[in-house]
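Before anything else, here's the structure in question.
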4 protein chains.
Amino acid sequence: MNHHSVRGGDKRARILESALKVFASKGFYAAKVADVAAEAGVADGTIYLYFKSKDDLLISLFEEQMQQVNSQLTTALVGAISATDKLQRFFKAYLGMVETHRHATEIITIELRQSAKFMKDYANPRFAEFLKLLAGIIDEGQASGTFVSGTPPTVLARAIFGLLDELALMWVTTKGDKIDIRKAADWVGRLVLEGLERRSA
Amino acid sequence: MNHHSVRGGDKRARILESALKVFASKGFYAAKVADVAAEAGVADGTIYLYFKSKDDLLISLFEEQMQQVNSQLTTALVGAISATDKLQRFFKAYLGMVETHRHATEIITIELRQSAKFMKDYANPRFAEFLKLLAGIIDEGQASGTFVSGTPPTVLARAIFGLLDELALMWVTTKGDKIDIRKAADWVGRLVLEGLERRSA
Amino acid sequence: MNHHSVRGGDKRARILESALKVFASKGFYAAKVADVAAEAGVADGTIYLYFKSKDDLLISLFEEQMQQVNSQLTTALVGAISATDKLQRFFKAYLGMVETHRHATEIITIELRQSAKFMKDYANPRFAEFLKLLAGIIDEGQASGTFVSGTPPTVLARAIFGLLDELALMWVTTKGDKIDIRKAADWVGRLVLEGLERRSA
Amino acid sequence: MNHHSVRGGDKRARILESALKVFASKGFYAAKVADVAAEAGVADGTIYLYFKSKDDLLISLFEEQMQQVNSQLTTALVGAISATDKLQRFFKAYLGMVETHRHATEIITIELRQSAKFMKDYANPRFAEFLKLLAGIIDEGQASGTFVSGTPPTVLARAIFGLLDELALMWVTTKGDKIDIRKAADWVGRLVLEGLERRSA
DNA sequence: CATGAATGAGACTTCATTCAT
DNA sequence: CATGAATGAAGTCTCATTCAT
């Protein structure tokens, strides 16, 4: 009988999973380390055997989650040829994850922002990766002439992330009847790819 | 002659202004009430003559700032005729404010999100107003046939807010050479109104 | 029109009256000076024109109330001849006052005790007077042979005060159907004068 | 071997003991939680591992002390046959405890009263038990014809408690030469059982 | 490795008291 | 005399972190 495996997963992973749930439901500041420990079924002190501090726990959570997000997005793009196709798949995959990874979405959309303030030095490399992936698609589209040039891909990537992120936030925080987040991918696709204005002819 | 005026502005306004500065630079949670008091040049207890609690201070700040934002946006739209024109002015005005109201932007972009978590019951009516203003423009454009129909205006409004908000956040948090936030209004205008794809003919 | 008389009474008296009401209903520690001021319809600062401190307000209240109690008791004894008669009148008068001066009773029964602790040096001369009055009756009874000797009158006086005081407290704190406080005077009279044991013959 | 025992007594008991001492000497309101912690030799925060709040500490103190008082009184009555005997033993035991449990006496005589005010809902069940014990003796005496009937036992019990309580308070607060509290039991016994008046024959 | 009782720095908030008007 | 806004000392309580077991 292995002490370290309880309900199929090593302790570090279980703590991370619990932190995800607790931070998402109470917010990072309101959540207590003891809450995370209780959720994970370990002693308070045990947290500190795997993470340097409460902040470190949050950062590790980002790392893990964003890595998953990036990996799934990358997978989703496999086989796509045109930039247009890639972008549509990107939207669909991202907003699809919102539904399947509720808690992760809350952490990313809400706490990621605070991080800019409270973790002055944390560079957030995974988010950078995310943006790079998105900017790469746009760059490719602009280079191939499929997309209009003139706006820096990094800015567009950021704008598009904000757009997706806000829809995710809306979906996550709405109590009653939510929008269909999967339909939203199409709406966003139309908005971004075709624009709002009716084409003249 | 106002008994309560001390160097241009009553005390409540001064405290609010100081809270804006302090919360923006340290984040709401890291900021101490004593910091705000010191910045405002009043005693700690004085804060509580004007605000019920630290939370109330943050909420009041939102109210005030969002009200200003809404009022400036409304002003900016005066005289605009088409929905397209209104939307462009909206972008220009919003991103213009980012530059002139740096601190307010930080509060709105960063702390507004947390509010969803920590202030369960705070409805944030000013933000609702903001969205209504934006959705109104889109609705008008769709009704007149200028804008493509099919996507709910409320969803589009939210998406566009996210987009603007993210650019504002990017601008605010970038240390070195920032993008030209005023140019960004045009970029965003093009993205939203015309879309990314090159028009076929 | 006299500024100092509002609703028939000078300001000092009004403050004292308000303090009585407020202290009685919330307790001295829970009561705020501002509460007393509000009740009296004066500004907070005004309290300090008449009393040195919150403590002084409580002490002054004791003085005033005990003086009234003593004066009424003294009046009640006028015309009584025997010690027995005096004691019965004393009981009747004391417990009668409990009903007519509810708030004063609460202050005396409850806060008087605390005073022993929090006002190390306050001698409480009025309470001393009260005890002297009661001890005087007992002493007189013992001297005349009406009362049994052997127990120091000061001790008996104190014991009897405790007895009356506790009944007063019971009456004051009971919410539902209270005992008839006036009947209690007779009960106490019987207990003290005749004792519990049935007389043999 | 008990992990939690530190020099004879678990931490909760030590804190309670320290609270007894500190509250008795400074009064509940004047006493700081830090004082209790220092007296107990623990950190301030440790108090809150065992008690919900400062109020809870006081209530727990009451519970514990009154329970001890009740238990000792019950023990003292074992073997007594007549109501008269029981009452005399009750007096002796109660006033004896005053001397041996000085601090507890101060808490009970002084702070118990305040509790009526500041703890609106705290029912104080131990004190109710105490009164029931006393009223039981009186009821028994009345039923057997040993004691005079006519006065409700609950009222008499309360009156007698007040009497004992006041003597205890007198003894506790007197600085110089105190009365002999053990003699007082006889004095009280005489007063209550035989009354003040000299028996006619 | 794991525990969880203990720590203690520090935050928010209250409120008696002052003093300029 | 009266006001009441302002003060700021001080208290209760929280909670991330440690360390002896």
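Order of the sequence lines sets the chain letters (A, B, ...), proteins ahead of strands, with each chain counted from 1. Since we're looking at a predicted model, the values are computed, not measured.
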Using nucleotides 15-18 of chain F, report all nitrogen or oxygen pairs with the protein that are shorter than 3.5 Å.
residue, atom, partner, partner atom, Å
F:dA16, OP1, A:K54, NZ, 3.4
F:dA16, OP2, A:V33, N, 2.9
F:dT17, OP2, A:Y48, OH, 2.8
F:dT17, OP2, A:K54, N, 3.0

> For B:K21, does the NZ atom have more than 12 heavy-atom neighbours from other residues, nucleotides or ligands under 6.0 Å away?
Replying inline: no
> What is the distance from CG of B:D10 to C1' of F:dA5, rounded to the nearest Å?
Replying inline: 13 Å
> Using the C1' atoms of the five pairs at each end, what is the angle between the end axes of the helix from E:dA2-F:dT21 to E:dT21-F:dA2, to 10°?
Replying inline: 10°
> How about D:Y50 and D:L57: do any of their side-chain heavy atoms sit closer than 4.5 Å?
Replying inline: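 Counting from C-beta outward, D:Y50 and D:L57 never come under 4.5 Å.
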>> Taking only the P atom of each, what is the distance from F:dT21 to E:dC1 in whole angstrom?
In response: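 Taking atom P in both F:dT21 and E:dC1, they lie 23 Å apart.
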> Do A:D56 and A:S53 have side chains that get closer than 4.5 Å, going by heavy atoms?
Replying inline: yes
> Do D:K26 and D:V22 come within less than 4.5 Å of each other through their side chains, counting heavy atoms only?
Replying inline: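 Sidechains of D:V22 and D:K26: in contact.
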> What integer distance in Å separates C:K26:NZ from E:dC15:C1'?
Replying inline: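 Distance check: C:K26 NZ to E:dC15 C1' gives 12 Å.
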> Rounded to the nearest 0.5 Å, how far apart are CD1 of B:I108 and NE2 of B:H101?
Replying inline: 9.5 Å
> Quick one: do C:E106 and C:R102 make a salt bridge, cutoff under 4.0 Å?
Replying inline: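 Result for this pair is yes, salt bridge flagged.
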>> By nearest atom, which of the nucleotides E:dC1, E:dT7, F:dG8 is closest to the D:A43 side chain?
In response: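 Nearest to the side-chain atoms of D:A43, counting from C-beta on, is E:dT7.
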>> Quick check for you: to the nearest 0.5 Å, what is the distance between D:E63 atom CD and D:L16 atom CG?
In response: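 The CG atom of D:L16 is 10.5 Å from CD of D:E63, to the nearest 0.5 Å.
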>> Please report the distance, rounded to the nearest Å, between CG in B:L57 and P in E:dA11.
In response: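 Rounded to whole Å, this separation is 16 Å.
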>> Rounding to an integer number of Å, can you tell me how far D:F51 CZ sits from E:dA5 P?
In response: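 In whole Å, E:dA5 P lies 15 Å from D:F51 CZ.
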>> Are D:I47 and D:V36 packed together at the side-chain level, in the sense that at least one heavy-atom pair is separated by less than 4.5 angstrom?
In response: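 Contact flag for D:I47/D:V36 side chains = yes.
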> For the pair made of OH in B:Y50 and C1' in F:dT7, what is the distance, rounded to whole Å?
Replying inline: 12 Å
>> Is the ring pair C:F23/C:F28 parallel, tilted or perpendicular, if the boundaries are 30 and 60 degrees?
In response: perpendicular
> Separation of D:I47 atom CD1 from F:dG11 atom P, in whole Å?
Replying inline: 15 Å
